[in-house]
Amino acid sequence: MAELKFEITEHIGVISENAKGWTKELNLVSWNEREPKYDIREWSPDHSRVGKGVTLTIDELASIKDLLAELDLDSFD
């Protein structure tokens with residue numbers, strides 16, 4: 001299996017943390033030395049291991065932002 005190279009170029013924020021200390025985060029990440037993209041996934045406490053996640057272009061992130069702005073979060077009680 002090929003080695004996965006990654007670099008967090010900008011840490012944007014933590015979304016949540018589980019009991020084992022892994023955090024679900026939104027970051028700007030360069031995967032295999034490519035152009036950085038927005039990324040949502042779980043990270044080990046020292047950021048040496050990653051879980052499954054989703055990588056987004058700026059246009060995809062903007063679409064999600066628009067969709068979230070339309071949500072009525074009070075209806076999820």
Side-chain angles (χ1 to χ4, degrees):
M1 180 183 250
E3 181 182 349
L4 180 65
K5 295 180 184 179
F6 59 86
E7 176 188 2
I8 297 174
T9 61
E10 182 180 348
H11 173 74
I12 298 169
V14 173
I15 298 167
S16 63
E17 183 174 344
N18 70 21
K20 294 183 178 183
W22 282 59
T23 52
K24 188 175 294 175
E25 301 180 9
L26 173 61
N27 295 308
L28 199 55
V29 179
S30 170
W31 294 99
N32 295 320
E33 300 177 349
R34 293 189 179 121
E35 188 72 26
K37 292 187 179 181
Y38 291 92
D39 187 87
I40 300 172
R41 75 182 58 246
E42 288 190 343
W43 294 85
S44 65
D46 65 358
H47 288 93
S48 66
R49 295 177 30 208
V50 299
K52 291 183 180 179
V54 62
T55 301
L56 306 162
T57 65
I58 187 69
D59 292 335
E60 292 168 332
L61 187 64
S63 292
I64 290 174
K65 179 182 176 187
D66 292 342
L67 291 168
L68 289 173
E70 295 174 12
L71 279 181
D72 178 9
L73 296 178
D74 293 331
S75 67
F76 290 101
D77 290 334

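Given the structure is predicted, the values throughout are model-derived calculations rather than measurements. The first residue of the sequence shown is numbered 1, and numbering continues consecutively from there.
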What's the shortest heavy-atom distance between Pro45 and Gly21, and which atoms? CG-O, 3.5 Å
Among Asp39, Ile12, Val50, Val14, which residue satisfies the side chain to side chain contact (heavy atoms under 4.5 Å, CB included) criterion with Glu25? Val14
Joint cluster assignment, Leu28 & Leu56, ILVMFWY side-chain distance < 4.5 Å: yes
Set of ring pair (Phe, Tyr, Trp, His ring centres under 6.0 Å) partners for Trp22, sequence neighbours left out: none
Separation of Thr23 OG1 from His47 NE2 (nearest 0.5 Å): 4.5 Å
NZ of Lys37 to OG1 of Thr9, rounded to nearest 0.5 Å, is 13.0 Å
Could you grab the distance from atom CD of Glu33 to atom CD of Glu7, nearest 0.5 Å is fine? 9.0 Å
Working to the nearest 0.5 Å, report the span between CD1 of Ile40 and CD1 of Ile64. 5.5 Å
Can you hop from Leu26 to Leu73 via hydrophobic side chains spaced under 4.5 Å? yes
Which pair of heavy atoms, one from Gly51 and one from Arg41, lies closest together, and at what distance? O-NH1, 2.8 Å
same_hphob_cluster(Leu71, Ile15) at 4.5 Å side-chain heavy-atom cutoff: yes
Among residues at least two apart in sequence or on other chains, which ones pass side-chain hydrogen bond (donor to acceptor under 3.5 Å, both in side chains) with Asp46? Ser44, Ser48
In the single-linkage hydrophobic clustering (I, L, V, M, F, W, Y; side-chain heavy atoms under 4.5 Å), do Leu67 and Leu61 co-cluster? no
Trp43 and Val54: same hydrophobic cluster, using ILVMFWY side-chain contacts below 4.5 Å? no
In Å and rounded to the nearest 0.5 Å, what is the CD to NZ distance from Glu17 to Lys24? 12.5 Å
Point-to-point distance, once rounded to the nearest 0.5 Å, from OH of Tyr38 to OG1 of Thr55: 13.0 Å
Are Asn32 and Leu4 close enough that some pair of their side-chain heavy atoms sits under 4.5 Å apart? yes
Is the ring pair Phe6/Trp31 parallel, tilted or perpendicular, if the boundaries are 30 and 60 degrees? tilted
